[in-house]
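In what follows, a structure is listed as structure tokens, so that the remarks can point back to it.
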Amino acid sequence: MQKHTKEGVVLACDFCETDWDQVKPMIEGHRGSILCLACLARAIDEAAELPEVFKCTLCQQERQAGDRGWRSGGAAVCFDCVQQADRAFAKDPDTEWDRKIAPDDRWR
Ligand SMILES: [Zn+2]
Ligand SMILES: [Zn+2]
């Protein structure tokens, strides 16, 4: 998310609202949405079937009730984006992250 402050626009994680210091690993989604590494770790641990229709903050796609996802703050992330972020962080040489989701852990 973009926070508008007196100092200008600050980027922050949509899920924990931690300001981005330009150093910490973050994944950017659509419309300036951001998921930080700490929230990705939580999303992987806590992802569950959400009981209602939700719109993923990162990919902006509407997901059905019963689809796997994770909510925090006013934001939600679908499991597709969680998997993508997991892969992206694992490939990033600047980030110490081992892939947490096995490639064959298919949701459907
Ligand atoms: Zn976060
Ligand atoms: Zn998504």
Side-chain angles (χ1 to χ4, degrees):
M1 62 168 73
Q2 295 186 341
K3 282 189 199 167
H4 296 271
T5 67
K6 269 182 272 164
E7 288 79 40
V9 175
V10 177
L11 295 175
C13 174
D14 283 73
F15 298 84
C16 64
E17 300 201 14
T18 302
D19 291 350
W20 188 36
D21 57 8
Q22 315 275 329
V23 178
K24 279 203 273 315
M26 294 272 199
I27 290 282
E28 240 188 299
H30 286 272
R31 299 192 191 174
S33 57
I34 289 177
L35 173 71
C36 74
L37 192 61
C39 285
L40 173 65
R42 285 188 58 198
I44 290 170
D45 281 351
E46 298 171 11
E49 292 175 23
L50 296 182
E52 67 281 303
V53 172
F54 66 101
K55 191 173 178 189
C56 175
T57 305
L58 291 184
C59 67
Q60 297 285 316
Q61 288 196 48
E62 197 150 287
R63 300 292 172 178
Q64 301 307 307
D67 280 1
R68 190 150 55 151
W70 181 68
R71 269 185 196 287
S72 179
V77 60
C78 71
F79 203 68
D80 286 345
C81 287
V82 171
Q83 282 180 310
Q84 267 185 36
D86 181 45
R87 269 202 299 273
F89 280 129
K91 273 193 209 153
D92 182 351
D94 297 328
T95 305
E96 278 193 34
W97 179 262
D98 293 324
R99 213 164 150 177
K100 305 277 189 282
I101 304 170
D104 58 355
D105 180 11
R106 307 239 72 167
W107 169 226
R108 285 171 222 270

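Remember, it's 1-based here, ligands and their atoms both numbered in the order they're listed. Computed from heavy atoms alone, side chains included, the values below leave out hydrogens, waters and symmetry copies. The chain is numbered in sequence order, starting from 1. These numbers come from a predicted model, not from an experiment.
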**OP:** Verify, without hydrogens or angle tests, whether D14 (side chain) and M1 (backbone) share a donor-acceptor contact under 3.5 angstrom.
**Re:** yes
Subject >> C56 atom SG and C59 atom SG as seen from the Zn ion (ligand 2), angle to 10 degrees >> reply: 100°
Original post:
Is the ring centre of F15 less than 6.0 Å from the ring centre of W70?
Top reply: yes
Original post:
Taking the six-membered ring of F54, is NZ or CZ of R63 closer than 6.0 Å to its centre and within 45° of its axis?
Top reply: no
**OP:** Could you walk me through whether D45 and K100 pass the salt bridge (Lys or Arg N to Asp or Glu O under 4.0 Å) test, one step at a time?
**Re:** CA-CA 10 Å; D45 281 351; K100 305 277 189 282; over 6 Å; no
Original post:
Angle subtended at the Zn ion (ligand 1) by SG of C13 and SG of C16, to 10 degrees?
Top reply: 110°
Original post:
Rounded to 10 degrees, what angle sits at the Zn ion (ligand 2) between C78 SG and C81 SG?
Top reply: 110°
